[in-house]
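So the structure is just underneath, and the comments pick up after that.
Throughout, protein chains are lettered first and strands after them, A, B, ... in sequence-line order, and every chain is numbered starting at 1.
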Amino acid sequence: MTNLEVAWVLNDIAGLLEIGQDNVFKVRAYQKAARVVRRLNEDLTMLYQEGRLREVPGIGSNIEAKIKELLETGQCEYYLELRRNVPEILREMVRIPNVGVKSAKLIYKELAPDSLDDLQKLVQERKIRKLSGMGSKTELSILRGIDLLRRGSGETPLGVAKSVAEEIVKGMKEIKEINRLEIAGSVRRGKDMVGDVDIIIATDQPIKVGEILARHPQVREVLALGETKVSVRTWLGIQVDFRLVTDKQFVTAKHHFTGSKEHNVRLRHIAKEMCLKINEYGVWEDAELIAVDSEKEIYQRLGLQYIPPELREDGGEVEAAASGSLPELVTLNDIKGDLHLHTRWSDGVNTLEEMAQAAKQRGYQYMAITDHSRSLKIAGGLSIERLREQRREIDELNQRLAPFRIFAGVEADILTDGSLDYPDEMLREMDIVIASVHSRFRMEEDQMTKRIIKALSNPWVNLLAHPTGRLLGRRPGYAVNINAVLEAAKDEGKGVEINSSPDRLDLRDEHVRLAKDMGIPIVINTDAHDIVRLGEMAYGVITARRGWLEAGDVVNAWDRKKVSAWLKGGK
DNA sequence: GCCGTTTTCGGCCCGACTGTTTTCAGTCG
């Protein structure tokens with residue numbers, strides 16, 4: 001049983017206990033244990049075999065016993081017992097937004113619906129409003145909640161959420177009652193999928209600004225309208241929370257609403273130990289406000305190094321900041337090239353020269369042209385002859401553009417059996433060979449893992465592109481044992497890619513960190529098919545930062561000479 | 001259920017908005 005599966009069971013136990021209205025701290029203990037297990041860098045089975053489960057903070061004697069049982073038998077009697085005692089419909093009902101344990105239980109006790117459809121019918125028959133504490137508004141919010149639940153996870157890919165947020169902010173700069181505003185929340189932390197958009201606004205006239213926001217042309221529906229918070233849903237269906245604070249509260253509000261929640265909880269614990277209190281309105285000592293002008297100062301007050309937003313996930317960053325051992329995260333400025341690009345030679349939009357000029361203009365020292373390989377017919381994959389022809393154009397451009405350097409490469413398909421789309425004699429001619437999967441996504445995990453590992457064993461391959469094949473919000477990625485793939489990359493001395501496209505962000509943050517810990521070189525590429533999308537490098541960098549990468553861990557943050565040497569390494 | 005340079009018992013982070021109430025419970029982040 002994997003860490004993830006154990007975490008899932010622990011979290012489910014927490015949910016069941018909550019419905020049973022067990023001690024809230026017991027519920028939290030299970031939630032915390034689930035979170036810790038999910039973020040654990042080590043394999044639980046290993047820890048168990050070494051008798052070290054109890055060393056994990058949040059795992060005590062009781063939860064240790066549950067984990068042991070899960071690892072040994074694949075199930076847990078306590079969990080099964082809880083499930084037997086809680087009707088399925090109750091578990092479904094608490095998943096409805098705006099419906100919590102109390103409402104769900106009351107409705108179940110009085111009206112006993114057996115499905116969400118049934119619940120919907122009860123609302124339409126106006127039976128919910130007869131229950132104590134419930135009225136017509138409650139009925140309406142249940143209907144809307146069921147609708148939301150059915151429309152899916154409600155999460156939006158970072159690229160979409162970020163552009164929505166920036167669009168809204170741009171329009172609001174004109175409003176004269178607004179002194180300052182900034183995007184916070186998971187968009188600021190650069191999370192790949194975003195639940196809602198948080199925008200912090202400093203103003204002296206919160207009520208007036210709230211009214212203006214509620215009438216914003218992008219707003220389809222106002223969910224809440226208070227003095228410090230306005231919640232809306234936009235036409236795209238994305239929820240946006242505006243927080244209205246004074247100038248003096250702006251910094252702490254921005255920090256608070258950047259989160260994550262778990263990170264904040266950790267900080268408040270530390271604050272409390274130091275007899276301080278920290279909330280969205282400031283840092284307090286004995287009810288007295290301590291002035292802070294920057295987030296850096298908040299961390300300083302708590303005896304911590306400044307923690308960048310991308311790391312604020314309670315994934316070990318607080319401990320690292322306390323001991324002064326936070327990584328110096330890679331920045332967009334560190335990036336010196338892009339090693340996965342397409343041109344009109346295959347399915348790109350721009351010419352080779354246009355791509356090169358655009359890359360040069362971004363201040364890059366180098367780039368790699370890696371058009372598709374011959375079997376990817378739909379994308380105009382290149383035959384051996386065309387590939388050699390393209391090489392001649394690259395050589396000519398290299399003479400003209402020096403010292404800027406174009407690496408002649410190819411994105412070679414990994415075929416079903418793990419072989420590559422060209423013979424080795426062809427691959428050895430290339431400056432860089434990227435391997436990637438573009439077909440047969442529904443293979444069994446075992447087969448897919450073997451397929452990719454075999455490709456990595458080819459001596460001419462430098463790099464594995466978009467290693468899981470996921471498309472955010474659209475396609476979960478193929479079944480593959482990513483740990484085994486990373487092990488193979490490490491053994492073969494190959495690099496792995498962070499694909500910067502906001503549609504992909506693949507590898508994802510957790511796997512990036514795993515790869516770094518294994519010492520695997522990581523390349524941040526845009527996979528751009530036109531000059532505009534060269535700008536998507538920022539998304540890859542933010543993902544790299546969430547994976548704790550420093551400039552030294554990133555191949556395309558190295559200078560041209562070092563990259564050249566690395567590319568030749570296996571050849 | 002977890003945890004301990006105050007504690008093996010008694011703590012456990014903090015606050016806003018809504019709706020249905022007449023002072024607050026429920027839900028959410």
Side-chain angles (χ1 to χ4, degrees), chain A residues 10 13-14 16-18 20-36 53-67 78 93-107 128-142 144-145 148 154 184-186 189 194-198 200 206-207 210 214 222-232 239-245 249 252-253 255-284 302 314:
Chain A
L10 292 175
I13 290 177
L16 290 163
L17 289 172
E18 198 174 9
Q21 280 166 307
D22 216 309
N23 178 355
V24 287
F25 297 109
K26 187 167 161 184
V27 173
R28 268 190 221 161
Y30 273 96
Q31 283 170 342
K32 184 185 174 192
R35 199 168 60 239
V36 170
L53 280 176
R54 289 288 296 275
E55 288 173 24
V56 179
I59 298 181
S61 60
N62 282 288
I63 292 182
E64 179 193 29
K66 310 282 190 299
I67 295 177
Y78 180 66
M93 280 163 73
V94 295
R95 285 177 52 224
I96 303 172
N98 307 317
V99 176
V101 170
K102 300 279 171 64
S103 314
K105 287 187 89 167
L106 178 65
I107 294 170
I128 304 287
R129 67 180 65 180
K130 297 200 175 74
L131 305 179
S132 90
M134 305 214 171
S136 59
K137 294 269 182 80
T138 313
E139 288 183 334
L140 201 62
S141 94
I142 291 175
R144 289 204 308 206
L148 274 176
S186 45
R189 299 202 311 281
V194 169
D196 60 15
V197 169
D198 291 281
I200 314 302
I207 294 174
V222 178
L223 303 169
L225 179 59
E227 275 183 50
T228 66
K229 175 185 166 180
V230 179
S231 266
V232 303
Q239 182 172 331
V240 183
D241 290 345
F242 299 98
R243 309 286 171 162
L244 308 168
V245 297
Q249 297 163 338
T252 41
H255 178 265
H256 179 90
F257 291 111
T258 294
S260 66
K261 191 181 162 188
E262 290 81 10
H263 176 84
N264 287 349
V265 168
R266 291 296 308 275
L267 293 192
R268 288 197 287 260
H269 273 291
I270 292 174
K272 199 161 176 179
E273 278 166 19
M274 301 172 79
C275 294
L276 297 171
K277 188 176 84 164
I278 171 167
N279 61 20
E280 56 262 59
Y281 303 118
V283 180
W284 312 80
L302 300 176
D314 191 21

Distances under 3.5 Å between nitrogen or oxygen atoms of protein and nucleotides 22-24 of chain B:
none

Between [N] and [M], how many Å separate the two [atom1] atoms, rounded to a whole number?
N: dT6(B); M: dG1(B); atom1: C1'; answer: 22 Å
N: dC2(B); M: dT7(B); atom1: C1'; answer: 14 Å
N: dT22(B); M: dG15(B); atom1: C1'; answer: 23 Å
N: dC28(B); M: dC13(B); atom1: C1'; answer: 15 Å
N: dG4(B); M: dT8(B); atom1: P; answer: 13 Å
N: dC12(B); M: dT21(B); atom1: P; answer: 33 Å
N: dG26(B); M: dT20(B); atom1: C1'; answer: 11 Å

Pick base, sugar-phosphate or nothing for [X], based on heavy-atom distances below 4.0 Å to the nucleic acid.
X: Phe257(A); result: nothing
X: Val27(A); result: nothing
X: Val24(A); result: nothing
X: Ile13(A); result: nothing

Contacts of [X] that satisfy salt bridge (Lys or Arg N to Asp or Glu O under 4.0 Å) - sequence neighbours left out:
X: Lys229(A); result: none
X: Glu139(A); result: Arg129(A)
X: Glu273(A); result: none
X: Asp196(A); result: none

Give the table of side-chain donor-acceptor pairs shorter than 3.5 Å for residues 94-105 of chain A, with sequence neighbours excluded, one pair per line with atom names and distance.
| from | atom 1 | to | atom 2 | distance (Å) |
| --- | --- | --- | --- | --- |
| Lys105(A) | NZ | Ile19(A) | O | 2.9 |
| Lys105(A) | NZ | Gln21(A) | OE1 | 3.1 |

Side chain to side chain donor-acceptor pair (under 3.5 Å) involving [X] - partner list, sequence neighbours excluded:
X: His256(A); result: none
X: Arg28(A); result: none
X: Asp241(A); result: Ser231(A), Gln239(A)

Given atom [atom1] of [X] and atom [atom2] of [N], what is their separation to the nearest angstrom?
X: Met93(A); N: dT27(B); atom1: CE; atom2: P; result: 10 Å
X: Asp198(A); N: dC28(B); atom1: CG; atom2: P; result: 16 Å
X: Ile67(A); N: dG1(B); atom1: CD1; atom2: C1'; result: 12 Å
X: Glu55(A); N: dC2(B); atom1: CD; atom2: P; result: 16 Å

### Message
Using a 4.0 Å heavy-atom cut-off to protein, can you give one letter per nucleotide of nucleotides 10-20 of chain B, 5' to 3': B if the base is in contact, S if only the sugar-phosphate is, - if neither?
### Response
--BBSSSSSSS
### Message
Testing the basics here: between Leu244(A) and Pro206(A), what is the closest heavy-atom pair and its distance to 0.1 Å?
### Response
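In this case the closest contact between Leu244(A) and Pro206(A) is CD1-O, 3.4 Å.
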### Query
Between CH2 of Trp284(A) and OG1 of Thr252(A), what distance do you get to the nearest 0.5 Å?
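It comes to 8.5 Å.
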What nitrogen or oxygen pairs link the protein and nucleotides 3-8 of chain B at under 3.5 Å?
| from | atom 1 | to | atom 2 | distance (Å) |
| --- | --- | --- | --- | --- |
| dC3(B) | OP1 | Gly58(A) | N | 2.6 |

### Nearest-nucleotide comparison on DNA chain B, the residue closer to the 5′ end among Val101(A) and Leu131(A)
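It is Leu131(A), whose closest nucleotide lies nearer the 5' terminus.
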Enumerate donor-acceptor pairs with a distance under 3.5 Å from any side-chain N or O in residues 56-65 of chain A to protein atoms, sequence neighbours excluded.
none

### Query
Does Arg189(A) offer a backbone N or O that forms a donor-acceptor pair with the side chain of Ser186(A) under 3.5 Å?
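Looks like no, no N/O pair under 3.5 Å.
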#### Entry: Nucleotide paired to dC3(B) in any strand shown, Watson-Crick or G-U, under 3.5 Å
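dG10(B) - that is the nucleotide pairing with dC3(B), both distances being under 3.5 Å.
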